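Report on the following structure.
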Amino acid sequence: MDTKNHSFLPFAKPCLSEAAIEEVVETLKSGWITTGPRVKKFEEDLAAYVSTPYVACLSSATAGLHLALAALNLHPGDEVITTAFTFIATYNTIVQAGGTPVPVDVEPGTYNLNCDLVEKAITPKTKAIVPVHFAGAPVDLDRIYDIAKKHHLRVIEDAAHAIGTEYKGKKIGSFGDTQVFSFHPNKNMTTGEGGALSSSNKAMQEFVPMARFHGINREAWNRFAKDGSQLYDVNMAGFKYNMMDIQAALGIHQLKALDGFIKNRQERVAIYQEALKGIACLSLPKAPNYDHNHAWHLYAPTIEPKIAGIDRNKLIEKMKEKNIGLGLHWQAPHLFSFYRKQFGFKEGMCPVAENIADNIFSLPLFPQMTDDEQNRVIESLKEVLK
Ligand SMILES: Cc1ncc(COP(=O)(O)O)c(C=O)c1O
């Protein structure tokens with residue numbers, strides 16, 4: 001396929017409506033651009049969408065994970081079980097909160113935590129489980145929460161990919177302990193940078209509003225209002241993790257469009273699955289075998305280099321030559337230098353995740369992708385793998 005005349009196709013692109021852009025401009029002109037009425041509205045809209053009693057908007061999902069883990073009051077040596085296949089933010093925030101990450105291997109196909117291995121990883125020092133809903137495929141939460149209940153553990157769901165995902169008829173965030181969503185520009189909906197935390201846990205609901213803003217006991221925009229007071233008290237050494245109204249202005253409109261974006265992604269994924277199913281050197285992603293609605297944040301097959309004759313990194317290069325950007329989600333988190341040195345992690349601890357990490361790539365997937373663009377991806381991939 002002649003790709004020279006095509007512009008570069010990235011693996012992700014945000015889809016922003018004129019109404020969203022206008023609301024950002026209105027916010028900029030309004031005289032109040034940081035945390036204020038638009039963040040409040042976005043929090044109410046998110047709580048209604050997810051069906052949850054509590055949502056806090058934040059500067060990122062990383063901030064949300066840090067806050068959620070900080071709320072657990074971990075002590076040196078406390079262990080947090082998590083997946084061996086995730087973005088490094090999951091690990092870093094466990095460490096920042098004073099915990100020791102315990103990598104547990106994943107299942108092939110969904111790339112999600114292998115629940116059979118979770119219980120085996122529990123020790124007297126285990127305090128929490130942090131599952132990740134990879135690409136918007138829900139982890140088997142009935143199993144995770146059964147294990148957590150039996151062993152008195154907290155569950156912080158890294159739902160960075162899972163806004164709009166459903167598990168057995170319920171939205172992620174509408175049940176369970178605590179969930180953290182990402183609104184980074186590559187995600188299914190965006191606020192530029194941004195994130196949100198939902199929780200049914202009363203202590204978490206009290207901790208987060210204060211911890212996200214320096215430990216101050218009232219929100220800034222109330223303090224600066226005519227009937228507000230400039231005086232405040234500080235109840236903890238808090239963080240600076242609040243979301244701005246400029247970001248929420250985007251989020252309010254993105255949330256309205258989210259179900260349409262997800263439907264569009266599901267249709268594109270069905271086309272990829274059909275078009276690529278006969279290629280021997282590829283393993284295509286699998287949906288979980290229980291009732292769910294998959295948000296398909298990523299479409300990420302793995303390549304078998306021995307059959308393909310090229311490896312994943314070469315494939316990324318070759319596709320780039322054809323003006324197509326592939327994503328890489330992710331390298332194995334426990335094998336980065338810091339984690340090897342600090343915790344003695346090494347190859348072979350989580351063989352399934354490590355194999356996926358070596359061979360996975362993400363194909364372009366975003367709401368305004370055209371049929372022509374998707375055909376270009378499919379034809380180019382077939383050519384490279386011929
Ligand atoms: C699984 C996972 N957790 C956490 C994050 C962090 O999200 P943010 O960029 O909003 O901090 C990401 C970001 O890609 C992610 O993929």
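Because the structure is a prediction, the values reported are computed rather than measured. All ligand and atom numbering here is 1-based and tracks the order in the structure.
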| query | Quick one: salt bridge (Lys or Arg N to Asp or Glu O under 4.0 Å) pairs with a partner in residues 182-203, sequence neighbours left out? | reply |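 Sorted pair list comes back empty.
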| query | Name the one of Phe361, Tyr91, Phe134, Phe336 that satisfies ring pair (Phe, Tyr, Trp, His ring centres under 6.0 Å) with Trp330? | reply |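 Exactly one option meets the ring pair (Phe, Tyr, Trp, His ring centres under 6.0 Å) with Trp330, and it is Phe134.
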| Per-residue contact class, Asp158 against ligand 1 - non-hydrogen pairs under 4.0 Å |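 Side chain only.
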| said: Among Lys346, Arg340, Glu354, which residue satisfies the side-chain hydrogen bond (donor to acceptor under 3.5 Å, both in side chains) criterion with His334? | reply: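 Passing option: Glu354.
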| request: Could you tell me whether Glu317 and Lys320 have a side-chain N and a carboxylate O separated by less than 4.0 Å? | output: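 No, Glu317 and Lys320 are not salt-bridged.
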| Does the ring center of Phe11 lie less than 6.0 Å from the ring center of His329? |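 Judged by ring-centre distance (under 6.0 Å), Phe11 and His329 do meet the cut-off.
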| Is the gap between the ring centers of Phe42 and Phe183 under 6.0 Å? |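 Yes, the ring centres sit under 6.0 Å apart.
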Do me a favour and list the nearest non-hydrogen protein atom to [atom] with residue, atom name and distance?
atom	result
atom 14 (O) of ligand 1	Lys187 NZ, 2.6 Å
atom 5 (C) of ligand 1	Phe87 CD2, 3.7 Å
atom 10 (O) of ligand 1	Ser182 OG, 2.7 Å

Can you check whether [X] has an N/O within less than 3.5 Å of an N/O in ligand 1?
X	answer
Trp330	no
Thr62	yes
Ala61	yes

| Under 3.5 Å, is there a donor-acceptor pair between the Gln179 and Ser198 side chains? |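 A pair is found: one side chain offers a donor N or O, the other an acceptor, under 3.5 Å apart.
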Any idea which atoms of ligand 1 are less than 4.0 Å away from a heavy-atom of [X]?
X	answer
Thr86	1 (C)
His161	1 (C), 15 (C), 16 (O)
Val132	1 (C)
Ser60	10 (O), 11 (O)
Gly194	10 (O)

| Are the side chain of Thr165 and the backbone N or O of Gly136 linked by a donor-acceptor pair below 3.5 Å? |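 Yes: the side chain of Thr165 pairs with the backbone of Gly136.
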